[in-house]
Structure formats: C-alpha cells, structure tokens
2 protein chains.
Amino acid sequence: LVEQDWECIQALLADLAEPDIAHALLPGLARAERVRLMQLLPPERASSVYAYLDTGLQTELLEDLTDEEKTRLIGELSYDDAAAILDELPDEHTDSLMEMLPEADQQVLKALLAFPEHSAGRLMTPEFVALSPAWTVREALDHVREQAHVGETLNTLFITDDAGRLLGWISLQDLLLSRPRTRVEQHYHRDVIRIHTQEDREEAARLIGHYDLQALPVVDEDNILAGIITVDDVMDVVEKEDTEDFHKMGSVGVLNLSVKDATAGMLYRKRIGWLVILVVVNIMSGAAIAFFEAAIEKVVALVFFLPMVIASGGNAGAQASTLMVRALATGDVQARDWFRLWGKELVVALGLGTTLGLAVWLIGLWLGGTEVAIAIAISMVLVVITGSMFGMVLPFILARFRLDPATASAPLVTSVVDVAGIVMYFAVATLVLRMAGM
Amino acid sequence: LVEQDWECIQALLADLAEPDIAHALLPGLARAERVRLMQLLPPERASSVYAYLDTGLQTELLEDLTDEEKTRLIGELSYDDAAAILDELPDEHTDSLMEMLPEADQQVLKALLAFPEHSAGRLMTPEFVALSPAWTVREALDHVREQAHVGETLNTLFITDDAGRLLGWISLQDLLLSRPRTRVEQHYHRDVIRIHTQEDREEAARLIGHYDLQALPVVDEDNILAGIITVDDVMDVVEKEDTEDFHKMGSVGVLNLSVKDATAGMLYRKRIGWLVILVVVNIMSGAAIAFFEAAIEKVVALVFFLPMVIASGGNAGAQASTLMVRALATGDVQARDWFRLWGKELVVALGLGTTLGLAVWLIGLWLGGTEVAIAIAISMVLVVITGSMFGMVLPFILARFRLDPATASAPLVTSVVDVAGIVMYFAVATLVLRMAGM
C-alpha cells in the first residue's frame, strides 16, 4: 500500500470477502488510504463493505467522501441495512444523507425509522416478493423471476390480496413443483405465522426459532404485509440479546458498542452503578457481623469458617439463578413452571447442602472441635438451601413484575445471600455453642 | 379428547403448527392418546412433529408404534433431522430403526453419524442442489425445478465439477436474472466460503454469521461437496453454545437437557463439583482471616467493613470477566487484543476503585474514625483494581491454554479475589493502624 500499487491492490480486494475488508483490512489503515480503497471498490461491493464497518469508521468516511459517492453508497444498500446505518449515525449526518437520496427512498426509510427502536418494524425489510392467489403458477413464477432482484429471500413467498393484506405463504419449492396452469390459491398455506410491526424484535427471533421459519411476515394493524424478517436478520438480534443477558448476569449495564470500541468512560459508567448498589447490600453483611461481635470475640475460630459457609450459599444461589435466567430467556421454562421447578430445586439444594455440610463437618472436626463442626455443618446446609431457593425464585419474581430476569445477576444473588448467610451462621453457631455450654 | 371426537380433533390438529403440537399439546396427554394423535396426523406432518419432540417422548413413542409406522416416521424426515434423532435415541432403538430403513437411507445416515459429535459433518445435510458449470442457465433452472424437493434451500446453489468437487456458488436470484442461453460458468462466484467436515460446528456458526451466508458448503479432504449447513441449522447451535457459556459462567457443568427435563440427580452432579472446588478456595480465605486474628481482636470494627471491601473486588472482577468471556465468545475480541484491553481495564478499574474508595472513606469516617476510614479506602482501591485485573486476564489465560474462557465464572473469580482481598485488606489495615500508633 505504501508503494501505491493500485492495480495490485484492486486484484487483492477482488479476492477478499466484504466482511473481511471491513473488519480486518480497513481499520488498520490511515484515514486517506481508507477513502482511497473504498473508491477502488465497485459500487455494490463498497456499499456492502460500508454496511459491515463500525459506526465510528462509517461516520469518518462520510466526512471524507463526495456527496455523489455518499448517495451511491447508501442507495445501493437494501432498505433494512440503510435504515440500520442511518439510525446509528450522528443526527446531522442522517439528515444531510436523507436529503441527497431520491424522494421514494426517503419515504421508505423515514417510515422504517419511525418504528420504535427494538420493534419488528425496525428490523424488517420492505423488499419481498408478493403473489396474488388468482395467478396461475406460471404467472407467479414469471413474477418471481421479474422481482428476483428485489426479494431478500425467494425460499418463502407471501400471498396477498389486492389491498396488500397477508393471506398466506408458499415455498418456492412447492411453487416449482406445482403444475404451471393450476392457480396459486390451490397450493398456498393459509396458516401463516406473522408478527405485528410494533412487537418486540425478540419476539420475532423467538417465532423464527420456534417455527424454523426462513422468513417471518410483518403486518400492520390492518393485516397489510409491510415487510419480512429473514432468519439471518435475527441471528444478529439473538447475539445482541444474549450479550445483553450475559452482561446483566455479570452486573454490567447494557453496552451498545463492542468492548473493544467502548471508551474507558463508557465502561466505567456501565459498571459503577451496580458496584455501588452492591456495596450498600454488603453494608448489611457488615452490620450482621458487627451484631455478632460478642460471639466472634468468644470463639475467633468461627471467623475462619465464615467465608467457606457464606460463599457456598452465594455460589449455589448463583448456579440456580443462572440456570433459571437462561431457561426463561430461551423459552425453555415459562413463569408458570416455577412451582414444579421449585420442588426440584429444593431436592437438589438439600443434596448439595448435605454434601457440603459433611465436608465442612470433617474440616471442622479436624480444625475446631466437635461443637464448631456441628455448628458449621448445620449452618452450611441451611445457607446452601437458602441461597439456592433465593437464586431460583428471584428470576421468576422479576419476570412476574415484567422486569428482566437477568437482573438476578450472580453478584446480586451472592451479595444478598451473604447477608442472610452471616445471620444464619452466627445464629446457629451461638445456639450450638450455648447448648454445648461454651 | 375424552369424548374421542376424532373428527373434531383432526380439524383442530390441521390448524396447529407442528412445533406447537410437539411442545404444547402432546406432552400433556396420556401415553395412549399421544400415540392415537400421532396416527391421526398425515405422515409428513407426523414426522415433523416427531422431530420437535423431546427425546423422552420420542423413545416412548417408538415403543408404542408398529414397525411400519416407525419406518415411515423416520423415512419422511430430512437426513440431518433423522441423524440428530437417531443420535439421541438409546442405542437399541437406533439399531433396530436403522435395520428397518431402505439400504440407501441406512448408508447416508451411517455416514453422517460417523462424523464426530460437534463437527460440521454431523450438522450438515447431504440434500443440496448442485449445478454443473457447463450447463446453460436454462438447463440449470430445469435441474433446480426437478431437484426442488431435495434441496434444503434454493436461495444458494452450489457449482461442482464432474467428480463432485466444489467450484463455487450462485444465488437463485442471479440465476433467474441471467439470460437462459448463457452458461452457468459465466455467472457463478469462485470465491466460496467453505468448511471441512471435521471442523467444529461452532466454526460453521461463526462463518455463517460473519459472512451472512444463507448456506455454507461442507467439503471433505478432497474438496468434494459433502453437504450444506443452512442458517436455521446454526441458530440452534448458537443457542446451545450460548446456553453452555451461560451455565459455565454460573459455575454449572454442561447440561445436555433442558432444566425442565433434567432430573434432580443430574442437576446435583452438574453443580456439586464446582461448589466443592470453591469451598477449597474459600478455605484459603478463612486461613487468611485466621492469620490476621490479632488485628481483628484489636479492632473488631475492621470486620464490619470486611464484606464491603472484599465483595467489591469480587464484583468488579465478575464484571470484567463477563465482558471478556462474552467478547471472546462472539469473536468481538481476539486473544491478541489482550494488551490493549488490559490498559483500558486498568483505567476503568482505577476509576471504579477511586469512586468506591471515596464512598467507603465517608462511611468509615462516620462509623469508625479517621484511621479506619483511611485503611478501608486504600484497601478498596487496591482490591477493586486487583479484582478487575484478575477477572480480565483469566479468560485470556484460559484461552491461551486452549481452555474455555467461560471457565472464568463469576463464582470462581469472586472466590479467588476474596482470598487476595482479605490479605490486602488486613495488611493495609494493620499497617495504617500501626502508623497511627493504634
């Protein structure tokens, strides 16, 4: 690149896939070289590469390109990709870009951007192939051929009436296998899974996953087919939503950027909130310990076993909440299943508590004597059961109040269980030691 | 159903989608009713419903159906679905079912099942439409029409030579738009993303996501096209892999069943291992506390602030490891990025530590006096930085040793950081208090 051997570079570019140019090649280049490379690409490829770039580089490029180049860049994109890019760019760029586009494109993009941020309407593309039920199979196939450049997918074709209302669907396979002179209405399926434009994109992902759909039709309040969501669109949604859940489970706020691109300030803001809340919870742990100062002063050995017992409760709770949060997120478990699962969790927690209780009983016998051993074994069983139950139930309570179950993060469950654990531990210990006359 | 009004039931079944029959209707029925319902369904739908059932119900049904019914059930399925089912059924069922199938089907299924469990070969389906480069577009389209019932997707078609070696691909759109008398070789793309049969299915999911593919060709060591993996196949893979990562982050072993279906014994076994390991780590925390017994006896107030400081280190560490584990899993961050991220994490951790340090300094001033306030503020900063650094680096170390980064679970990070935190806390406190002459 230093030698500016553009021909050689052009040959190299032809061999690279668009996502690789966007992710591997461009970010490493100087700003001017990046612009030059984009100009070397054929228009269609340049648009595709542009769609794969991070928002930061997209904005930068807009500043460096001519108006004509910009318009072509956006104009070559499919509507859903263009809408996604316009949505993320700074407002001043969005407005000036919009004005450069043809009137028809402007209208479509404005309509898409008017849908709420995480809605099915925002995710869909209005580029689909619709068939009339009155057409013959031959006419329908001719229409598919004419419209092939428009449709995002041809595997699934949708049937609409004259007003554009969704009637059903047919697979291209079935259409190709039907006799050419028969009519579409004899072949298409009336039972069509659809989603409303205003519904959440997560629901779209769930429907596509649950019914193994290639494309999901999106309709407005009058059942008019407004667009389609294809399976590759929702793969990104699933990844983003899973990432959000992961971060929430680790007590990190929702991050719209990749960790690599987020600034230190952003990361700080996404993390400090939960850390402060958890400090407040842990003040209660401290207060609980202070309350039992007398017991601690009498048998300092009790403090030795404290971390073991308390942490086990928190860990068992973190396991239980992790299992439930994920099962609720995948739809594996519904809110109504909580009671059946509660019973099973109780059995599991009893088993875990007893095993760990036996283990610390042995350690207690060895290091602290019979009374201490009994005290820590009993409190271990209680703490593990309490922790498991709390970790299991909290996600369901959150779901009931329409909050995200993933808020029941491992650190939150651990901190809350710590408080309960400390109280139980010292209460049991005080009781056992008093009975033993110590 | 009680009144056995089969006609009405059949009408009802016709309106229900196959996944709904499998997930919502059948599990709630008695065993005999379930068999009867399956027999009422047209063969193709029965197979599809059967593929959506849980393994438990699949096994049960096999015991209740006649040999002829069983053969039809499996025979109607696509090869990848059939292989997945045969794989999960108990061995004796797999063998007897295999023997009932036509010789040709047996060979294909045996070949698929011979691939390693999580390989691309096991995930692929051998049902694809391949075109010859020498054909005209018209011949190619005729071939697509003839083979339409075979292909899992028609959006992407693959080009092979006479020996079946993969040469490239063309979209159905492009084929439909090309002039009928031109030859396929004039139109198809040579730059084809492919995967080897023996590679991991996660890599297949990554390629499909990264390159936004509709279908990924799977080739053997001679570059012969053996099958294709479609985007809907990998949606399930992504969900499973994310669930595994979630469970690992919560210190739960890999569970092959849904939480709903797993027995209490299974759940116990998946959780006890990590709990015991974590108890061992926490023994060290206890030992650290015991080591500082003298300091505790002198200023019992120090114990009050212990949970707050220690837990904050663990929480900051859990946040950092969550961010890194997820970023490594999505490919957002590579192992080589660790140093750049390490610098950023240090800045973030400094910010977090200082904020929390200030907060506990105020609490300390109020509840414990100047010396205690200084001691806990300093140790808070140190512990939060240590926790963050450990949580951030551990996933990269695990990745370097080719272990799963998700093993750096919140409970593990928290427990390890606890030990370091306790030592730092008491060391700093002892030092500050000694300097203050207490």
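Neither the backbone nor the side chain of A:L16 comes within contact range of chain B; no heavy atoms are under 4.5 Å apart. For chain A, no part of B:Q147 is nearby; none of its heavy atoms comes within less than 4.5 Å. Of the atoms belonging to A:T414, not a single heavy atom falls under 4.5 Å from chain B. For a residue to count as touching a neighbouring chain, one of its non-hydrogen atoms must lie under 4.5 Å from one of that chain's; by this rule A:I272 touches chain B with backbone and side chain alike. In this structure, chain B has heavy atoms under 4.5 Å from both the backbone and the side chain of A:D245. Of the two parts of B:T263, only the backbone, made up of N, CA, C and O, holds a non-hydrogen atom closer than 4.5 Å to a non-hydrogen atom of chain A. For a residue to count as touching a neighbouring chain, one of its non-hydrogen atoms must lie under 4.5 Å from one of that chain's; by this rule A:N155 touches chain B with backbone and side chain alike. At a 4.5 Å heavy-atom cutoff, the contact between A:R340 and chain B is made by side-chain atoms alone. Of the atoms belonging to B:A320, heavy atoms from both backbone and side chain fall under 4.5 Å from chain A. For A:M324, the part lying under 4.5 angstrom from a heavy atom of chain B is the side chain only. For A:I289, the part lying under 4.5 angstrom from a heavy atom of chain B is the side chain only. Interface residue A:V234: only side-chain heavy atoms are found under 4.5 Å from chain B. Within the 4.5 angstrom heavy-atom criterion, atoms from both the backbone and the side chain of B:I283 approach chain A.
In this structure, A:E18 CD and B:H210 NE2 are separated by 11.0 Å, a value rounded to the nearest 0.5 Å. The CG atom of B:L350 lies 11.0 Å from the OH atom of A:Y268; values are rounded to the nearest 0.5 Å. Between the NZ atom of B:K270 and the CD atom of A:Q319 there is a distance of 12.0 Å, given to the nearest 0.5 Å. Here CZ of A:R326 is found 3.5 Å from OG1 of B:T243. Values are rounded to the nearest 0.5 Å.
Taking each heavy atom of A:L176 and B:R145 in turn, the nearest pair found is O-CG, 3.4 Å. B:V348 and A:A264 make their closest contact through CG2-O, 3.6 Å (heavy atoms, listed as atom of the first residue, atom of the second, distance).
Heavy-atom pairs under 4.5 Å with chain A were tallied for B:A205, B:G209, B:A287, B:S312; the largest tally goes to B:A287.
Contact check on A:R206 versus B:E239 returns no salt bridge, with no Lys/Arg side-chain nitrogen under 4.0 Å from an Asp/Glu carboxylate oxygen.
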